[in-house]
Amino acid sequence: MNNFIERLLAAQYRTLLFPKDFSGEATFGFECNDGWADVIEATLWLVQQRAKVSALDVKVTQVKEKFGQLRIYHRGGDESIGAVFDIAELVSGCVCEMCGMPGGVISIEGWLQARCGQHSGPERIDRVENLKSDENYIASYVEAVNLILSFFGEGAVLWVKEERTAFAGRRPCEMLATQEGCQAIYLLLKRLEHGVGV
């Protein structure tokens, strides 16, 4: 991951990424491409919020790509914290790891990788320079995942993973790859929460 993005994430989520007695500046060592930066930031933001509210000591030990999906290893937390990380893993398989656009897991030269159409061919660009954080997407993702966890509890990860009739057969993890999809999930669950038919 780009050093600038790593430093920003390390500074903002210091309590999750480093031991309490750590002082000084450092990068965490995210072992993935920049396209997942917004999913990572949204996930860390959500975990930090939930850990603070529940007084949980959560430490992220490693963030890397494995089999075309994001893997975030951690210590501490509870089931809801684990679900936040599991949902991020599912969503990452629907986001191009190079540019952050919607995509899917494909095989490139025998390696599973999450890519969009532009970055899936043999002439693919190896690295996208100057990706900017999308604060609106991050906020929408956090809102949607928070509501999913509140609404479905222990069944949240399963709900995100399977195709849903309410979304024309799409899986919520695919929809969480875009701001519009996050907003559609949020709106549906808010309507259901208030007893409004879909």
Side-chain angles (χ1 to χ4, degrees), residues 5 8-9 12-13 15-16 32 34-56 58 60 63 68-72 74 77-97 99-105 114-117 131-198:
I5 295 171
L8 285 177
L9 291 173
Q12 193 164 357
Y13 301 100
T15 58
L16 289 176
C32 60
D34 299 347
W36 287 338
D38 286 346
V39 174
I40 292 169
E41 183 170 356
T43 301
L44 294 177
W45 183 11
L46 192 49
V47 167
Q48 189 167 272
Q49 284 179 345
R50 288 182 160 263
K52 188 175 183 180
V53 167
S54 302
L56 297 170
V58 180
V60 172
V63 178
Q69 290 184 309
L70 183 64
R71 298 292 197 270
I72 303 176
H74 70 285
D78 58 13
E79 286 184 17
S80 76
I81 298 289
V84 171
F85 290 128
D86 290 343
I87 290 170
E89 179 180 315
L90 292 168
V91 172
S92 71
C94 304
V95 173
C96 178
E97 62 186 297
C99 68
M101 297 301 292
V105 176
R115 297 295 173 94
C116 65
L131 280 180
K132 294 182 180 171
S133 178
D134 185 344
E135 296 300 325
N136 292 329
Y137 167 73
I138 293 167
S140 294
Y141 180 97
V142 169
E143 264 189 343
V145 174
N146 247 336
L147 194 53
I148 290 167
L149 293 168
S150 298
F151 208 85
F152 296 104
E154 292 177 10
V157 176
L158 182 62
W159 186 81
V160 166
K161 187 188 287 192
E162 295 183 349
E163 294 177 355
R164 300 289 157 202
T165 306
F167 302 124
R170 291 183 69 197
R171 298 177 303 148
C173 61
E174 296 169 34
M175 297 181 66
L176 287 167
T178 66
Q179 181 181 347
E180 296 78 17
C182 292
Q183 291 170 340
I185 289 171
Y186 184 83
L187 181 60
L188 172 75
L189 295 182
K190 274 296 185 187
R191 292 180 70 178
L192 291 174
E193 186 177 61
H194 295 291
V196 179
V198 182

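What you see below is based on every heavy atom in this structure, not just the backbone, and it leaves out hydrogens, waters and symmetry mates. This is a predicted model, so every value here is computed, not measured.
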Distance, nearest 0.5 Å, that separates OH of Y141 from CG of N146: 11.0 Å

Interatomic distance, I148 atom CD1 to I87 atom CD1 [nearest 0.5 angstrom]: 5.5 Å

Side chains of E41 and Q12 in contact at under 4.5 Å (non-hydrogen atoms): yes

Approximate separation, where rounding is to 0.5 Å, of L56 CG and S80 OG: 7.5 Å

Nearest atoms (heavy-atom pairs only) where G35 meets V95: O-CG1, 3.8 Å

Summary of ring pair (Phe, Tyr, Trp, His ring centres under 6.0 Å) pairs that have at least one residue in residues 148-182, sequence neighbours excluded: F152-W159

Heavy atoms of other groups near E79 CD, more than 12 under 6.0 Å: no

Heavy-atom check, side chain of V60 versus side chain of Y13, under 4.5 Å: no

Side chains of C94 and R171 in contact at under 4.5 Å (non-hydrogen atoms): yes

Smallest separation among heavy atoms of C116 and M101, with atom names: CB-CB, 4.4 Å

L9, L8, D38 screened by side-chain contact (heavy atoms from CB on, under 4.5 Å) with S133, the one that passes: D38

Chi angles and distances behind the side-chain contact (heavy atoms from CB on, under 4.5 Å) call for V142, Q49: CA-CA 10 Å; V142 169; Q49 284 179 345; 3.8 Å; yes

Whether E97 side chain and A114 backbone form a donor-acceptor pair below 3.5 Å: yes

For C182 against S140, the heavy-atom pair lying closest together: CB-O, 3.6 Å

Evaluation steps, side-chain contact (heavy atoms from CB on, under 4.5 Å), between Q48 and K52: CA-CA 6 Å; Q48 189 167 272; K52 188 175 183 180; 5.7 Å; no

Chi angles and distances behind the side-chain contact (heavy atoms from CB on, under 4.5 Å) call for L90, D86: CA-CA 6 Å; L90 292 168; D86 290 343; 5.7 Å; no

Verdict with supporting geometry, S54 and I81, side-chain contact (heavy atoms from CB on, under 4.5 Å): CA-CA 10 Å; S54 302; I81 298 289; over 6 Å; no

Closest non-hydrogen atom pair between C96 and R115, with its separation: SG-CA, 3.8 Å

Where at least one partner belongs to residues 135-157, residue pairs that pass salt bridge (Lys or Arg N to Asp or Glu O under 4.0 Å), sequence neighbours excluded: none

Nearest heavy atoms of V84 and T43, plus distance in Å: CG1-CG2, 3.7 Å

Closest non-hydrogen atom pair between Q69 and R71, with its separation: CB-NH1, 3.1 Å

V39 and Y137, any side-chain heavy atoms less than 4.5 Å apart: yes

Spacing of CG belonging to L147 relative to CD1 belonging to I185, to within rounding of 0.5 Å: 10.0 Å

4.5 Å side-chain heavy-atom contact, C32 and L70: yes

Gap between atom CD of E89 and atom CH2 of W36 - 0.5 Å precision: 9.5 Å

L149 side chain near R50 side chain, heavy-atom distance below 4.5 Å: yes

From CG (D34) to CD1 (I5), nearest 0.5 Å: 4.0 Å

